Trainee: 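Sharing a structure here in structure tokens format.
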Amino acid sequence: MKIDLTDTTSSKINKALVQGRRAIGTPAVGMVLTLVIVTDEENAYDALKAANEASREHPSRTLVVIKRVSRSPRDRAKARLDAEVRVGTAAGTGETVILRLYGEVINHAQSVVLPLLLPDAPVVVWWAANAPLDPANDPLGALAQRRVTDTYAAEHPVQELSARAEAYTPGDTDLSWTRITPWRSMLAAALDQVECEVTSVEVEGEEFNPSVELLGMWLADRLGVPVKRSVSDGPGLTGVKMETNCGPIKLGRSDGSLASLSIEGQPDRAVALKRRDTAELIAEELRRLDPDDTYASALKFGVERLGEHGGAQKNAEKEKPEAAADKPAAAKKSASSPAAKKAASK
């Protein structure tokens with residue numbers, strides 16, 4: 001069931017939600033959280049589709065906030081709110097309200113969203129596009145327990161990672177981090193099978209891909225070893241090689257679907273490591289609403305590594321060994337990620 005409201009208010013939207021639930025015979029509210037999606041018209045369809053699929057696992061009230069830029073000065077001065085209310089099969093397993101904001105109300109989206117939040121239920125805000133550099137201090141982000149961004153959609157992903165680390169607040173997370181969950185699980189399981197000491201790591205993937213950078217930061221943070229960042233044609237992450245005192249451990253994925261795990265002294269094995277869609281990523285993030293301390297630790301490690309040195313990959317490769325020896329230990333580790341430094345210097 002769909003109800004269109006033009007030039008409306010939050011109060012009228014709430015009444016439409018009650019009317020819709022009664023019309024389909026489910027007056028009770030059976031949702032576990034409120035998901036606020038902040039996006040634009042270009043990305044609204046894909047974001048809403050992903051949220052509807054994720055609602056099968058997490059029934060929620062989904063509020064889609066679309067800020068429309070008016071063409072004329074007269075229209076920009078006039079505040080207006082249009083809404084589309086969806087309940088029943090049109091909204092997955094929950095409720096959906098699409099909010100289109102015009103004029104001055106664009107700067108006060110939180111005043112529109114606040115009356116529509118489910119009472120006594122957690123709030124998650126997801127910026128599908130144009131995320132703020134400091135989500136916790138954003139007026140909409142301040143309403144939420146969890147704030148989801150995606151640095152992969154940023155113009156300069158590695159710089160965005162650095163900014164995210166500086167402004168990190170418990171409850172922040174990133175879909176670029178969520179994308180590497182299977183990789184982290186597989187690498188941890190591989191290390192559990194051997195009694196070896198890791199001496200160095202090489203992470204290979206697309207240039208300027210924040211997921212590749214985050215995986216390298218996580219490994220460097222957890223293992224305390226140098227991590228080299230190599231560039232490949234992708235898609236996404238393509239391989240990790242860990243050198244140990246009892247032979248290399250390799251995890252490679254060239255087609256974005258099936259990976260190969262190689263451990264010294266064991267037969268190679270094929271493992272499923274497909275690239276997941278946005279709906280699966282959002283569903284995973286909604287499973288936990290507590291702060292992700294592992295993400296925070298890896299992210300903050302990366303700021304020091306990316307922030308202390310810049311320069312292109314070729315410059316790093318031509319750097320003289322005696323000059324590198326004069327640098328601090330932390331700088332030596334950071335020099336092992338030339339692709340990240342190349343992006344951070346721009």
Side-chain angles (χ1 to χ4, degrees), residues 1-21 31 33-52 55 60-87 90-92 94-119 121 123-151 153-155 160 163 167 169 172 278 282:
M1 180 178 182
K2 297 182 181 180
I3 303 174
D4 289 324
L5 301 172
T6 303
D7 198 4
T8 187
T9 63
S10 297
S11 176
K12 293 178 181 178
I13 295 172
N14 267 320
K15 291 178 181 178
L17 286 168
V18 175
Q19 175 188 345
R21 286 199 302 268
M31 288 153 288
L33 58 88
T34 303
L35 174 61
V36 181
I37 304 174
V38 186
T39 184
D40 51 24
E41 287 287 2
E42 180 182 358
N43 297 283
Y45 175 81
D46 291 335
L48 185 54
K49 181 181 178 181
N52 285 341
S55 71
S60 59
R61 173 176 290 179
T62 302
L63 307 177
V64 184
V65 178
I66 303 174
K67 299 178 180 181
R68 298 291 301 268
V69 178
S70 302
R71 296 181 179 179
S72 67
R74 179 180 298 177
D75 291 338
R76 287 195 292 269
K78 181 181 179 182
R80 192 176 99 233
L81 170 64
D82 294 342
E84 180 182 331
V85 178
R86 301 179 183 179
V87 293
E95 299 172 344
T96 298
V97 181
I98 302 176
L99 304 167
R100 288 183 171 85
L101 284 58
Y102 300 83
E104 289 296 326
V105 74
I106 288 178
N107 301 320
H108 305 281
Q110 73 280 6
S111 63
V112 176
V113 169
L114 185 59
L116 302 176
L117 301 179
L118 290 172
V123 179
V124 178
V125 176
W126 168 32
W127 286 270
N130 304 320
L133 292 179
D134 188 354
N137 285 329
D138 182 84
L140 284 173
L143 302 175
Q145 284 75 43
R146 290 279 280 180
R147 296 164 293 275
V148 183
T149 58
D150 189 0
T151 51
E155 185 175 357
E160 197 87 357
T169 301
D172 292 353
T278 307
I282 288 296

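Every value quoted in this text rests on a predicted model; they were computed, and no experiment measured them.
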Trainee: Is any side-chain heavy atom of L99 less than 4.5 Å from a side-chain heavy atom of I13?
Mentor: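 Heavy-atom side-chain distance check passes, below 4.5 Å.
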Trainee: Can you tell me if N14 uses its side chain to pair, donor with acceptor, with the backbone of P115 under 3.5 Å?
Mentor: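 At least one qualifying donor-acceptor pair exists.
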Trainee: Compare every heavy atom of V105 with every heavy atom of R80, then report the nearest pair and how far apart it is.
Mentor: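 Result for this residue pair: O-CG1, 3.5 Å.
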Trainee: Does E84 reach the main-chain N or O of D4 with its side chain, forming a donor-acceptor pair under 3.5 Å?
Mentor: no
Trainee: Roughly how far, to the nearest 0.5 Å, is the CG atom of L140 from the CZ atom of R147?
Mentor: 12.0 Å
Trainee: Do the side chains of T62 and S55 get nearer than 4.5 Å, heavy atoms only?
Mentor: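 No, side chains not in contact.
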Trainee: Any donor-acceptor pair under 3.5 Å linking the side chain of R61 with the backbone of L116?
Mentor: yes
Trainee: Tell me the closest heavy-atom pair linking W127 and G141, and the distance in Å.
Mentor: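 Answer, listing the atom of W127 first, then G141: CH2-CA, 3.7 Å.
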Trainee: So L117 and L63, do their side chains get closer than 4.5 Å, heavy atoms only?
Mentor: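 Yes, their side chains come closer than 4.5 Å.
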Trainee: In Å, rounded to the nearest 0.5 Å, how long is the span from NZ of K49 to OG1 of T278?
Mentor: 10.0 Å
Trainee: Between R68 and I106, which heavy-atom pair has the shortest distance, and what is it?
Mentor: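 Taking R68 first and I106 second, the nearest heavy atoms are O-CD1, 2.9 Å.
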Trainee: To the nearest 0.5 Å, how far apart are CG in N130 and NZ in K67?
Mentor: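 These two atoms lie 9.5 Å from each other.
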Trainee: Sub-3.5 Å donor-acceptor pair from the side chain of T8 to the main-chain atoms of L81, do we have one?
Mentor: no
Trainee: Grab the two heavy atoms, one from A51 and one from L35, that are nearest each other, plus how far apart they are.
Mentor: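 Reported closest heavy-atom pair: CB-CD2, 3.9 Å.
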Trainee: Could you go through the side-chain contact (heavy atoms from CB on, under 4.5 Å) check for I66 and T39 one step at a time?
Mentor: CA-CA 6 Å; I66 303 174; T39 184; 4.2 Å; yes
Trainee: Could you check whether N43 and D46, counting side-chain N and O atoms only, form a donor-acceptor pair closer than 3.5 Å?
Mentor: no
Trainee: Just wondering, do L33 and R146 contact through their side chains at under 4.5 Å, heavy atoms?
Mentor: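 In short, these two side chains do not touch, never coming nearer than 4.5 Å.
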Trainee: Do any N or O atoms from the side chain of T34 and from the backbone of L118 form a donor-acceptor pair under 3.5 angstrom?
Mentor: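 Yes; judged by distance alone, with no hydrogens or angles, the pair exists.
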Trainee: When you compare the side chain of T149 with that of E160, does any pair of heavy atoms fall below 4.5 Å?
Mentor: no
Trainee: Closest approach of A167 and D172, non-hydrogen atoms and distance?
Mentor: O-OD2, 3.9 Å
Trainee: Closest approach of R21 and V87, non-hydrogen atoms and distance?
Mentor: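 Minimum heavy-atom separation between R21 and V87: N-CG2, 4.4 Å.
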